[in-house]
S.K.: 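Dropping the structure in here first, questions after.
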Amino acid sequence: MRNIAMSIKTHAAKLFAPPHKADMALRTSMLACRTHTDLTWHDIATLHGLPVAQPAFSRATVTYHRRTNPDFDHRYQRLFDHAQELQRAAGFANANLKRGLTSPPSRVRN
């Protein structure tokens, strides 16, 4: 999963290269990593060189720009399509498998 996240991060940097803000590449990459990998927000923040992830801020920023900027929305969709393809190629696209990887183990009660 870490390799997938690194590929997502690299692709986001290409899609959101200047004149876009560097923060846009970071925030979109983090959301794509959270959606398409089993990494925690803490792991994703570390991978992106941040001390904390700020998931609510990332979601709000990306949502605003998707609504107000059609070019941003198109690039964002391309990033998510790329991330989904990486996930599929790695064999993690099966819904049951993904749920098993990303869900905490259930506790058995006696």
S.K.: Flag the pair Leu86 / His11 as yes when at least one side-chain heavy-atom distance between them is below 4.5 Å, and no otherwise.
M.R.: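 With C-beta onward as the side chain, the pair stays apart.
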S.K.: Donor-acceptor check, side chain of Arg34 to backbone of Leu39, threshold 3.5 angstrom: yes or no?
M.R.: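 Judged by distance alone, yes, a pair lies under 3.5 Å.
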S.K.: Check whether Leu31 and Leu50 end up in the same hydrophobic cluster, where Ile, Leu, Val, Met, Phe, Trp and Tyr are linked by side-chain heavy atoms less than 4.5 Å apart.
M.R.: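 In one cluster: yes.
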S.K.: Are the side chains of Thr28 and Leu15 in touch, meaning some heavy atoms are under 4.5 Å apart?
M.R.: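 Not in contact.
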S.K.: Can you tell me how far the NE2 atom of His82 sits from the NE2 atom of His36, to the nearest 0.5 Å?
M.R.: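 NE2 of His36 is found 10.5 Å from NE2 of His82.
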S.K.: Using atom types as modelled and distance alone, determine if a side-chain donor or acceptor of His48 lies under 3.5 Å from a backbone N or O of Ile44.
M.R.: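 Side chain of His48 to backbone of Ile44, a donor-acceptor pair under 3.5 Å: yes, one is there.
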S.K.: Nearest 0.5 Å, please: how far is CD1 in Ile8 from CD1 in Ile4?
M.R.: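 Going from CD1 on Ile4 over to CD1 on Ile8, the span is 7.0 Å.
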S.K.: Between the side chains of Thr40 and Asp43, is a donor N or O closer than 3.5 angstrom to an acceptor N or O?
M.R.: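 The answer is yes; a qualifying pair exists.
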S.K.: Could you state the interatomic distance from CG (Asp71) to NE2 (His74), rounded to the nearest 0.5 Å?
M.R.: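 Rounded to the nearest 0.5 Å, the CG-NE2 separation comes out at 7.5 Å.
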S.K.: Hey, could you give me the NZ/CE distance between Lys9 and Met30, rounded to the nearest 0.5 Å?
M.R.: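 So the gap between those two atoms works out to 10.5 Å.
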S.K.: Rounded at 0.5 Å granularity, tell me how far OG1 in Thr61 sits from CE in Met24.
M.R.: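 Output value for this atom pair is 5.5 Å.
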S.K.: Without hydrogens or angle criteria, can the side chains of Asp81 and Gln77 be said to hold a donor-acceptor pair below 3.5 Å?
M.R.: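 The criterion, which ignores hydrogens and geometry beyond distance, is satisfied for Gln77 and Asp81.
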S.K.: With a 4.5 Å limit on heavy-atom distance, are the side chains of Leu79 and Arg75 in contact?
M.R.: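 No, every pair of side-chain atoms sits at 4.5 Å or beyond.
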S.K.: Atom OG1 of Thr46 and atom CZ of Arg2: how far apart are they, to the nearest 0.5 Å?
M.R.: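 Those atoms lie 7.5 Å apart.
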S.K.: Between Tyr76 and Phe16, is the ring centre distance below 6.0 Å?
M.R.: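 No, too far apart.
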